[in-house]
Amino acid sequence: MARRKAAGAAAGRLRQPQVRSHEEPEVQVKKKKKVRHFYDYSLLFSIIFLTAFGLVMIYSASSYSAQLDPRYGGNGAYFMQRQAAIAAMGFVCLFIISKMDYHIFARFSVAAYIMSYVLMIAVSIVGTEANGKKRWLGIGPFSFQPTEFVKIALIVMLAAVITSMGNRINRLKSAMAVAGLALPLAGLIAMNNLSSGIIVCGIVFVMLFVACKIKWPFFAMGAGALGILAGAGPIGNALLQIGLLKPYQYSRIEAWLNPESDPMGNGFQVLQGLYAIGSGGLVGQGLGESIQKLGFLPESQNDMIFAIICEELGLFGAVSIILIFLFMIYRFMVIANNAPDLLGAMLVVGVMGHIAIQVILNIAVVTNTIPNTGITLPFISYGGTSILFLLMEMGMVLSVSNQIRLET
């Protein structure tokens with residue numbers, strides 16, 4: 001009996017649940033890494049700064065002429081207020097687009113590409129004419145420049161095509177086929193807007209240069225473009241003799257090479273811009289103290305606004321703006337290098353090419369490095385269509401940045 005009781009007690013002890021002491025170490029469970037999404041606030045702040053700075057400079061450059069023009073009712077802030085209203089709409093679009101999945105844009109790339117042709121044909125037929133060129137398309141009470149939409153549509157289209165081609169893009173024939181998608185569209189644009197046609201070609205060049213492993217054709221084309229620029233005078237004269245260039249077109253080349261030869265005609269705007277840059281000195285005349293904006297410099301709030309920046313803020317202000325644009329391009333490069341896939345990287349590269357080319361060409365025109373082609377300075381020059389679509393492009397870039405994963 002004693003043995004049975006002892007055995008029963010031992011079995012009871014074995015059946016009792018074991019209570020773990022608080023001091024006993026817990027079994028280590030592997031924690032999953034938390035995934036956070038990146039959002040490039042540095043790029044966002046630079047966009048906000050450039051847009052705000054642009055509003056200040058638009059007011060400074062246009063207030064005098066707007067007060068004297070009866071069309072604006074003596075409102076010196078007319079251009080600034082209009083630009084601010086459209087920029088506000090643009091920032092709403094920017095934030096909405098930046099929170100979307102950028103892969104959605106590729107689904108509409110073909111439709112947007114076809115719409116680009118429709119818009120460019122429509123503007124050449126029923127567009128509003130200004131300065132002898134049809135660049136504006138009216139829809140009810142609103143009007144816009146279709147070329148700004150075409151730039152975004154082309155960036156999305158090329159990014160989608162390059163992504164779908166994969167390694168085949170490294171073949172020269174494939175790269176030429178991709179370029180062939182854009183060249184007819186660039187030709188349509190150049191008929192009424194040469195500067196936008198040049199920018200479209202530049203966007204294609206940059207995107208293909210980054211995507212392709214073969215580089216020599218791009219260096220050859222770059223050297224050829226520099227050669228044409230260096231020999232613009234003799235080449236233009238030869239084209240004039242055989243009838244491929246019209247006299248008024250050649251006069252622009254002459255005004256670029258020697259603006260003093262026609263100081264009151266084709267060389268007037270160039271000379272006034274150079275006077276503004278030269279009078280600015282190191283620190284400028286002071287914000288709002290420009291002399292050239294008082295009716296001397298045409299398009300002072302548009303294409304030539306960089307000259308007003310140089311006059312009022314001097315070399316210091318001009319270099320500061322250039323450095324901010326360089327910082328923006330650096331952020332584009334960071335986002336493209338860390339993009340989740342090739343589509344995202346190509347979208348960012350396309351936008352980077354657009355901004356970089358437009359900034360370089362605008363400053364080159366204002367400083368008379370290249371002939372005047374009517375190119376605006378991104379985010380700063382007056383232009384409602386331009387600022388709206390630029391901010392939409394920035395939304396696409398921020399959308400790519402928002403898909404970059406940060407593991408912690």
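Here, residue 1 is the first one in the sequence, and each next residue gets the next number.
The closest side-chain donor-acceptor pair between Asp303 and Gln269, if any, does not fall under 3.5 angstrom.
Partners of Ser164 by side chain to side chain contact (heavy atoms under 4.5 Å, CB included), not counting sequence neighbours: none found. By the ring pair (Phe, Tyr, Trp, His ring centres under 6.0 Å) test, Tyr64 pairs with no residue at all, sequence neighbours left out.
Each salt bridge (charged side-chain N to carboxylate O under 4.0 Å, His left out) pair with one or both residues in residues 51-70, not counting sequence neighbours, appears once here: Asp69-Arg71.
Residue Thr376 comes nearest to Ser386 through the heavy atom pair OG1-OG, 4.1 Å, listed as atom of the first residue, atom of the second, then distance.
Distance check: Asn302 CG to Ile380 CD1 gives 13.0 Å after rounding to the nearest 0.5 Å. The CZ atom of Phe91 lies 14.0 Å from the CE atom of Met392; values are rounded to the nearest 0.5 Å.
Side-chain contact between Ile355 and Phe379 is present, with at least one heavy-atom pair separated by less than 4.5 Å. Side chains of Val156 and Met396 form a contact here, defined as non-hydrogen atoms less than 4.5 Å apart. Counting heavy atoms from C-beta outward, Cys310 and Leu315 have side chains that stay 4.5 Å or more apart. In this structure the side chain of Phe325 reaches within 4.5 angstrom of the side chain of Leu50, judged on heavy atoms.
Counting non-hydrogen atoms of neighbouring residues, nucleotides and ligands closer than 6.0 angstrom, the CZ atom of Phe205 exceeds 12 such neighbours.
For Tyr113 and Tyr117, the ring centers are positioned less than 6.0 Å apart.
Contact check on Glu312 versus Lys293 returns a salt bridge, with a Lys/Arg side-chain nitrogen under 4.0 Å from an Asp/Glu carboxylate oxygen.
Exactly one residue among Val270, Asn362, Ile277 makes a side chain to side chain contact (heavy atoms under 4.5 Å, CB included) with Thr367. That residue is Ile277.
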